[in-house]
Amino acid sequence: MKRQLEQKGIRLFLNDVKKQRWAILAVIACLLLLKAATGASCPMVALTGFPCPGCGLTRAGIHLMHGEVQSAFRIHPFIYGVAAYGAVFAINRYLLGRRMGKVLRGSLVLLVAAMCLFYIWRMIRYFPGDPPISYYGHNLLRRTMTLFQYFLLK
């Protein structure tokens, strides 16, 4: 029974990936393009130079996977909410075979809203500071503005 659930979950996951393959490929292509053009891997940082509400989550997740709980929290305290939500979503979708319900959707909205409020507080309190709360000067917006100024003032 357990093996059948695992196989069903894997098939469902692969089917989800197959259905969204073009969107996944487009996102990967955009990330690679932005990384090549600006050196930044975060789309908001690459475009504007400013960190986004999720900036630091990847680094915090890596620290969490290495068991470095305190450093993960210092980098981005919402890593625990994001990880918990991801685990509950994966269990609900791929082990239990359920669609995203109102409770799961509502908790996602609350998590994102809380992250945005925390982002505002962190930007007011710490910006510009140590990464991930720092300004990235090689962004596309700044480069574009510099290019326009060069041609307009020439």
Side-chain angles (χ1 to χ4, degrees), residues 9-94 99-101 104-154:
I10 291 169
R11 278 196 306 272
L12 185 57
F13 175 76
L14 292 174
N15 190 41
D16 283 352
V17 170
K18 185 178 178 181
K19 283 181 183 176
Q20 300 301 325
R21 68 182 173 271
W22 295 113
I24 293 168
L25 289 172
V27 167
I28 291 170
C30 284
L31 289 174
L32 290 173
L33 238 140
L34 285 173
K35 179 77 172 171
T38 65
S41 54
C42 173
M44 186 164 165
V45 170
L47 294 172
T48 68
F50 295 101
C52 71
C55 275
L57 278 173
T58 303
R59 243 176 293 168
I62 291 168
H63 282 264
L64 190 61
M65 286 188 285
H66 284 116
E68 299 164 2
V69 178
Q70 289 177 338
S71 61
F73 183 82
R74 271 194 308 275
I75 294 170
H76 204 302
F78 278 86
I79 187 60
Y80 303 108
V82 170
Y85 182 84
V88 169
F89 176 82
I91 290 167
N92 195 47
R93 175 80 174 136
Y94 300 114
R99 293 213 175 263
M100 189 178 196
L104 215 52
R105 192 170 286 122
S107 61
L108 178 62
V109 169
L110 286 174
L111 181 65
V112 170
M115 281 179 63
C116 289
L117 289 173
F118 176 72
Y119 169 74
I120 292 167
W121 174 80
R122 190 160 72 162
M123 288 296 284
I124 291 169
R125 177 115 195 238
Y126 297 111
F127 185 80
D130 295 328
I133 305 300
S134 56
Y135 180 73
Y136 184 70
H138 299 291
N139 63 74
L140 289 178
L141 183 62
R142 184 174 183 184
R143 286 178 173 182
T144 305
M145 295 300 286
T146 304
L147 197 63
F148 278 134
Q149 287 173 349
Y150 175 78
F151 284 113
L152 290 176
L153 299 175
K154 194 172 184 185

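Since the model is a prediction, treat every value here as computed from it, not as a measurement.
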Calculate, to the nearest 0.5 Å, the distance between atoms SG and CG belonging to Cys30 and Leu47 respectively.
-> 9.5 Å
Here the gap from Gln20 atom CD to Asn15 atom CG, rounded to the nearest 0.5 Å, amounts to 10.0 Å
Shortest non-hydrogen pair, Tyr94 vs Phe13, comes out as CE2-CA, 3.3 Å
Kindly determine whether Trp22 and Leu25 satisfy side-chain contact (heavy atoms from CB on, under 4.5 Å), including the steps that lead there.
-> CA-CA 5 Å; Trp22 295 113; Leu25 289 172; 4.0 Å; yes
Can you name the nearest heavy-atom pair linking Pro51 to Tyr119, along with the distance?
-> O-OH, 2.7 Å
Non-hydrogen side-chain atoms of Val82 and His76 separated by less than 4.5 Å | no
Test Leu64 against Phe73 for side-chain contact (heavy atoms from CB on, under 4.5 Å), laying out the working first.
-> CA-CA 8 Å; Leu64 190 61; Phe73 183 82; over 6 Å; no
More than 12 heavy atoms from other groups under 6.0 Å of CE on Met100 = yes
Hey, does Trp121 have a side-chain heavy atom less than 4.5 Å from the side chain of Ile124?
-> no
Separation between CG of Leu108 and OH of Tyr85, rounded to the nearest 0.5 Å = 4.0 Å
Any side-chain heavy-atom pair from Leu31 and Pro43 closer than 4.5 angstrom?
-> yes
Atom pair OG1 (Thr146) and CG (Leu141), whose distance is rounded to the nearest 0.5 Å = 9.0 Å
Quick one: CE on Met145 to CG on Leu152, what's the gap to the nearest 0.5 Å?
-> 9.5 Å
Could you tell me whether a side-chain N or O of Arg21 sits under 3.5 Å from a main-chain N or O of Lys18, the two making a donor and an acceptor?
-> yes
Going by heavy atoms in the side chains, are Tyr136 and Thr48 under 4.5 Å from each other?
-> no
Phe50 and Asn139, any side-chain heavy atoms less than 4.5 Å apart = no
Any idea which heavy atoms bring Ser71 and His63 closest together, and the distance?
-> OG-ND1, 2.8 Å
Value rounded to 0.5 Å, distance of CD1 in Ile75 from CZ in Arg59 = 6.5 Å
Parallel, tilted or perpendicular: ring planes of Tyr135 versus Phe127, cut at 30 and 60 degrees | perpendicular
What is the minimum heavy-atom distance between Val45 and Cys55, and which atoms define it?
-> CG2-SG, 3.8 Å
Close side-chain approach of Leu34 and Leu140, heavy atoms under 4.5 Å = yes
Please indicate whether Arg142 has more than 12 foreign heavy atoms, meaning atoms of other residues, nucleotides or ligands, lying under 6.0 Å from its CZ.
-> no
